[in-house]
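One structure, pasted below without further comment.
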Protein chains: 2
Amino acid sequence: MLQEIAEQPAALRKTIAEEGAKVARLGKFLRARGIDLIVLVARGSSDNAALFGRYLLEIKTGIPVSLSAPSVHTLYRARLDLSRALVVGVSQSGEGEDINLVLENARAGGAYTVGITNEIDSAMTGVVEETLLTHGGRERSVAATKTFTGQMLHFYMLASALAESEADRIDYAPIPDWAERALELQGAVAEMVERYVFMENCVVVGRGLLYANAYEMALKLMETCYVVAERFSSADFLHGPLAMVERHFPVFLFAQPGVTREATRALVSRLRELRADTLAITDDERVASSCTRALVMPAGLGELLAPIPYIIPAQLFAALLASAKGLDPDAPRSLSKVTRTL
Amino acid sequence: MLQEIAEQPAALRKTIAEEGAKVARLGKFLRARGIDLIVLVARGSSDNAALFGRYLLEIKTGIPVSLSAPSVHTLYRARLDLSRALVVGVSQSGEGEDINLVLENARAGGAYTVGITNEIDSAMTGVVEETLLTHGGRERSVAATKTFTGQMLHFYMLASALAESEADRIDYAPIPDWAERALELQGAVAEMVERYVFMENCVVVGRGLLYANAYEMALKLMETCYVVAERFSSADFLHGPLAMVERHFPVFLFAQPGVTREATRALVSRLRELRADTLAITDDERVASSCTRALVMPAGLGELLAPIPYIIPAQLFAALLASAKGLDPDAPRSLSKVTRTL
């Protein structure tokens, strides 16, 4: 897992080089075709990448996005009218039967279907009209890292390609360099995890473009460290779950630059009053000094490109905490790499 | 909270009597207008009702549903093309500023807007084109119960009114009687909660039409009992979070009749192998006998009408567990009835 985390800058560069032109052509084709709705279909880490994609696509393209409930298709056999929809399946292995069944049904119903996967010869590539590949080689750890950020990158490329106006295009080329800089935090994370070895549960909070990062950090903590990790948007967190927080309750926060800053600062103040034990991944000195601990991200990284670099310290945290607990992050108990559900 | 739980059958009957004809007219109007997309906007318990509504609406109407991410509108100021959309805000108080802002933006962008609320004089009713009220009086407990099931009922009425074919209409009239029968479990729940007084964390699992019940039970446990309660679909649970489960780890399951039965039985077997401590809310004898504990629901209740009756023992469980822990479920620490977020 640590090795695959470190491979991410190279994998991201390769995915841009190999897929960039293809995604640009796809965007042009889809704009000409006319798309009223984008449906994203995924499970697990891939679903967290889709959750990020949802925010980015709506913000940059103005096309409404729906995160699919696979059982509506697979168990209830609903026939949704998706004739003017783009349906995007996301799966590392490309072998998720339920995801592929949704894609098949959507295609039969007139939708244009795209698959984002790491496996060129998977079942998914046979189902969809266009395949977008994440590059950087086979992922061996059960805990997805380089395929997760590769999927996120595809959403950058797709949102940029679908954007109607030049102003909404995204210059995603610097992301691999920012990812490389985020990896420099490994030493700081390795020292910090010692403090959390006996943590049994926690909450992870994110908002807006980094809401999905909270889901992904929580999933990594659950699957590699066996920590009961809740995930919330900072807004939903105030609707009920805040009641759980007592003195020393651990809360992890993504506090990126941009439009969510004020709301995050307010939440940090509230958590300080409640004497929660807070760890922020942030570039904000005010947040860093108000939290119990902080992992300080490089300055100058804007909100739009923050999601991938900001997930890297969280991945490192999960991998190194698992090691500090004497666990093998690459082979979590009870899990296998391909999960079959219908 | 216990009193408001008990008021639900009467509140549901009143909502059907007062709102049924209005919702039927609304459905006819919207079918004539033509709706390509339904967007649901909510937070907290109301968002759990919306999650239920999403499944029901897609299954019964074939219209794709998107659960809105409010910050896309409020913080990122995205202009989504919602000209052929129905946008439904759900809020007990009708005073959620972010929800109302999304409704305002959607209406300005050409969407038809509806509000589901318990407060006829709230800000929400001034924003939307049609208001659907939950009846049964002011909700005094911070933990929503009767407004939650009232919101669910409105989704039954709306899905039925929007359904194109007679076969997809829903006979929701028996729901209040089934809710009344579910209340008979109060004695069994009161005895059972003693076992869970020192439980610190747990997972709640549901699938399909009862996926939202898992979210709602978890939220009730978090806000009234301060238990760290994760919520998953049984399919997503197998993608990673299952690794958390060890001997005696508490897992609550909704095991309703219908299309999810086989998948739920398989999950129960897997949890038995892992020696998890399971409590099922179910009518399925096989599940009940395979779980550590069970709350047995009345037979003869089909899947379609199960969601409201099945949430009632969960509400009772949260209220009675809070009391058994010496907590006041009506006034959770750190919370107020109206949460203001943007």
Side-chain angles (χ1 to χ4, degrees), chain A residues 36-37 39 43-45 47 54-55 58-59 62-67 69-72 75-76 78-82 84-85 98 143 200-201 203 207-208 211 219 222-224 226-230 233 235-236 238-246 259-260 263 274 332-335 339 341-342, chain B residues 36-37 39 43-45 47 54-55 58-59 62-67 69-72 75-76 78-82 84-85 98 143 200-201 203 207-208 211 219 222-224 226-230 233 235-236 238-246 259-260 263 274 332-335 339 341-342:
Chain A
D36 283 351
L37 173 68
V39 178
R43 289 211 182 273
S45 276
D47 202 31
R54 183 262 169 85
Y55 279 82
E58 285 196 337
I59 292 167
I63 305 169
V65 177
S66 170
L67 293 166
S71 70
V72 167
L75 296 179
Y76 296 99
R79 291 246 153 253
L80 299 194
D81 179 3
L82 298 172
R84 288 182 50 89
D98 48 355
E200 292 190 348
N201 44 51
V203 162
R207 187 91 195 269
Y211 179 39
L219 181 57
M222 288 188 268
E223 60 185 357
T224 65
Y226 314 148
V227 169
V228 181
E230 293 275 1
S233 94
D236 286 318
L238 298 169
H239 283 260
L242 187 71
M244 290 186 303
V245 172
E246 57 193 340
V259 299
T260 64
L274 297 172
R333 65 187 181 202
S334 322
L335 299 184
T339 310
T341 51
L342 207 60
Chain B
D36 284 351
L37 174 68
V39 178
R43 288 210 183 275
S45 275
D47 202 30
R54 183 260 169 83
Y55 280 81
E58 287 197 336
I59 292 167
I63 305 169
V65 178
S66 170
L67 294 165
S71 71
V72 166
L75 297 178
Y76 295 100
R79 291 246 153 253
L80 299 195
D81 179 3
L82 298 172
R84 288 182 50 90
D98 48 355
E200 292 189 349
N201 44 51
V203 163
R207 188 90 195 270
Y211 179 40
L219 182 56
M222 288 188 269
E223 61 185 358
T224 65
Y226 314 149
V227 169
V228 181
E230 293 276 0
S233 95
D236 285 319
L238 298 169
H239 282 260
L242 187 71
M244 289 186 303
V245 173
E246 57 194 340
V259 298
T260 63
L274 297 172
R333 66 186 181 203
S334 323
L335 298 184
T339 310
T341 51
L342 208 61

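Lettering follows sequence order; numbering is per chain, from 1. The figures that follow rest on heavy atoms only: side chains count, while hydrogens, waters and symmetry mates do not. What you see is a predicted model, and the numbers here were worked out from it, not measured in a lab.
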**Fill in**
Applying a strict 4.5 Å limit to non-hydrogen atoms, the region of A:Leu274 in contact with chain B is side chain
**Complete:** Residues A:Ala235 and B:Arg43: closest non-hydrogen pair is CB-CZ, 3.3 Å
**Message:** Can you list everything that forms a side-chain hydrogen bond (donor to acceptor under 3.5 Å, both in side chains) with A:Thr260? Sequence neighbours excluded, please.
**Reply:** A:Gln256
**Prompt:** A:Arg54 and B:Ser66: which non-hydrogen atoms are nearest, and at how many Å?
**Reply:** NH2-OG, 3.4 Å
**Distance in Å, A:Asp236 CG paired with B:Asp47 CG, rounded so as to fall on 0.5 Å steps** = 6.0 Å
**Part of A:Val245 lying under 4.5 Å from any heavy atom of chain B** = backbone
**Item:** Sub-4.5 Å side-chain heavy-atom contact between A:Leu242 and B:Met222
**Value:** no
**Request:** Could you check which of A:Ala69, A:Ala78, A:Pro70 has the highest count of heavy-atom pairs closer than 4.5 Å to chain B?
**Result:** A:Ala69
**Contact class of A:Val39 relative to chain B, heavy atoms under 4.5 angstrom** = neither
**Message:** Please check this pair: side chain of B:Glu230 against backbone of A:Ala229, looking for a donor-acceptor N/O pair closer than 3.5 Å.
**Reply:** yes
**Asked** Roughly how far, to the nearest 0.5 Å, is CG of B:Leu37 from CG of A:Asp36?
**Response** 9.0 Å
**Message:** Under a 4.5 Å cutoff for heavy-atom pairs, which residue among A:Gly44, A:Ser233, A:Gly62 has the most contacts with chain B?
**Reply:** A:Gly62
**Request:** For the residue pair B:Arg207 and A:Leu75, establish whether any side-chain heavy-atom pair is separated by less than 4.5 Å.
**Result:** yes
**Prompt:** Side chains of B:Leu219 and A:Pro241: does their closest heavy-atom pair fall under 4.5 Å?
**Reply:** yes
**Item:** With sequence neighbours excluded, residues passing side-chain hydrogen bond (donor to acceptor under 3.5 Å, both in side chains) with A:Tyr226
**Value:** none
**Message:** Is any side-chain heavy atom of B:Leu82 closer than 4.5 Å to one of A:Pro64?
**Reply:** yes
**Request:** Among the options B:Val65, B:Val72, B:Thr224, B:Ile63, pick out the one with the most heavy-atom pairs lying under 4.5 Å from chain A.
**Result:** B:Val72
**Asked** Hey, does A:Val227 have a side-chain heavy atom less than 4.5 Å from the side chain of B:Met244?
**Response** no
**Item:** Smallest separation among heavy atoms of A:Glu200 and B:Asn201, with atom names
**Value:** O-ND2, 4.3 Å
**Request:** Could you tell me whether the side chain of B:Ser71 reaches within less than 4.5 Å of the side chain of A:Tyr55, counting heavy atoms only?
**Result:** yes
